[in-house]
Protein chains: 2
Amino acid sequence: MNPTKALYSRLSHHAVLPDGVETHLAGVTLEIMHFEPGEVVVRRGQEASKAFVACEGWAARSISLSDGRTQIVNFMLPGDIFDLQVFTGQPADHTVRALTPVKVAALSREKVMEIFTVSSPLAAAMWWASVQEEAILREQVVRNGRRSARERVAHLLLELHERLRMIGEVDGDSFVLPVSQSHIADALGLSYVHVSRVLGYLEKSGFIERRRSRVTLLDRQALAKLCDFSTLYLTGGEGKGRLG
Amino acid sequence: MNPTKALYSRLSHHAVLPDGVETHLAGVTLEIMHFEPGEVVVRRGQEASKAFVACEGWAARSISLSDGRTQIVNFMLPGDIFDLQVFTGQPADHTVRALTPVKVAALSREKVMEIFTVSSPLAAAMWWASVQEEAILREQVVRNGRRSARERVAHLLLELHERLRMIGEVDGDSFVLPVSQSHIADALGLSYVHVSRVLGYLEKSGFIERRRSRVTLLDRQALAKLCDFSTLYLTGGEGKGRLG
DNA sequence: CGTGACATTGAACAAAGTCAAAAGTGGTGG
DNA sequence: CCACCACTTTTGACTTTGTTCAATGTCACG
């Protein structure tokens, strides 16, 4: 996906962006970078010098304990903006790693400033993106803290479906889940063995279907009920948010 | 605590704030609000119209499932700035509730804009605060996702100690923990019964001491080792972060 | 004193983890 | 095309961790 397009489609999904923004965006030159699965985009401890816009592929932000236990804090999908902390020049507290072949657009500190200067609606849109990212993070806390394994898996599937829907990467109720069960386990704070069991259960019970890495949600309603899923945190209510 | 002072001391702890900022801050009129324990500061679903600076007392941001299970997403201490999402005018995805008698300063959308306009270092400082809040949130995900009950409790105690230290509310290695074990349980994704057991264990093993609501960390080193605690996410490295 | 909220403790139970082995899956090179 | 490789997924047996239920204790405060 074209980086301008990825960013624009993501921002415009919830924000009423005024005309001309797309042009502003197009005017910002971006440095494109590629990463293969497993490669590190941002390393914990390194001072942040760039922000990123994901264009293609999946990446994960993770934090590891010294004994090797790893928690994936969130998945990053095309259109996601991350590491806007660039302003503070602090070392990253997390590592970002490509899960599939990934294309990202890098934004230097100056570029980000330029965006903020050039277009205040755009600045607001980035603020919006950061607010949404935090909401996703909060929901992740609830998911790992208060939901059972079944609920966690169902909830994650629904979240991913919704987020992918926003960027046009779903085919009806089905989408490609290009990560191993072990990654899902690291995101949900479970063992990969248990994730396998739960996915098996969801499939046998008719909630989902799996073919290769493609997942189909056979009954979104039932799944949502199973895990008390609400899209509030993703969409910010039914309508589009105001900006500016 | 004086709201200007709370905000200033919090911001200055990690940011090199230029002279004059304190004056700018003092110039911003703030609306002070009080809440008693249990009272709601921000209700889930309500459109955000104000941001807040906590001045005195503890509050908690929480999200509940429809069957009553509750997750405290984070504790809010004096100096914390929250709900800066005010810009987007979205409904809150969470509820903020006072845990002790609380004093907060409310900032209307216009006030926040004013702060951003009046002082760009101050704007940067607020950005910094929001970056730190996100880091705390990420660590919360790791804590609930990949740490054992013992580790979670120890980790939370160390985090609170550090955060309280930054605002001058510790007495050496001891501090007041003005919340019930049931609140701690809701923050850590555990049952309150188990929190009681773990605190009992930590006390019997000589890691901590409890007297009324005061906790003393008898061996911070050992506690930190027990739960793999690092202050990186709170302090952003050893030195002060750059801003602006 | 008595009351209500909070904390502790024990026993039975359930959920998820660990360990180990077998069975797919997909990619590569002969 | 097939054999081989590494990786991922599945499955079973067993263990561990934390929950639930219920009773008992403690403490501040009227």
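Below, chains carry the letters A, B, ... as their sequence lines are ordered, and counting in each starts from 1. Since the structure is predicted, the reported quantities are computational estimates derived from the model, not experimental observations.
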What integer distance in Å separates B/D186:CG from C/dC6:C1'?
-> 14 Å

Contact summary for A/R69 and B/R147, nearest pair of heavy atoms | NH1-CA, 4.0 Å

More than 12 heavy atoms of other residues, nucleotides or ligands under 6.0 Å from CD of A/Q221: is that the case?
-> no

Mark up nucleotides 9-18 of chain C, 5' to 3', with B wherever a protein heavy atom is under 4.0 angstrom from a base atom, S wherever such an atom reaches only the sugar-phosphate, and - elsewhere.
-> BBB----SSB

Which pair of non-hydrogen atoms, one from B/H34 and one from B/E39, has the smallest distance, and what is that distance?
-> O-OE1, 4.2 Å

Just wondering, are more than 12 heavy atoms of other shown residues or ligands nearer than 6.0 Å to CZ in B/R43?
-> no

Under 4.0 Å between a side-chain N or O of B/R210 and OP1 or OP2 of C/dT8?
-> yes

Whole-Å distance between D/dC7 P and A/I184 CD1?
-> 19 Å

Exercise: do B/Y233 and B/R138 side chains pair donor with acceptor under 3.5 Å = no

Between C/dT8 (C1') and B/E203 (CD): distance, integer Å = 12 Å

Under a 4.5 Å cut-off applied to non-hydrogen side-chain atoms, are A/R61 and A/D83 in contact?
-> yes

Please give, in whole Å, the distance from C/dG26 P to A/R214 CZ?
-> 14 Å

Quick one: closest heavy-atom pair of A/T70 and A/D186, and the distance?
-> O-OD1, 3.3 Å

Any side-chain heavy atom of A/V104 sitting closer than 4.5 Å to one from A/F35?
-> yes

Pull out every residue in residues 175-182 of chain B that has a heavy atom closer than 4.0 Å to any atom of DNA chain D, ordered by number, or say none.
-> none

Rounded to the nearest angstrom, tell me the gap between atom CZ in B/R211 and atom C1' in D/dC27.
-> 16 Å

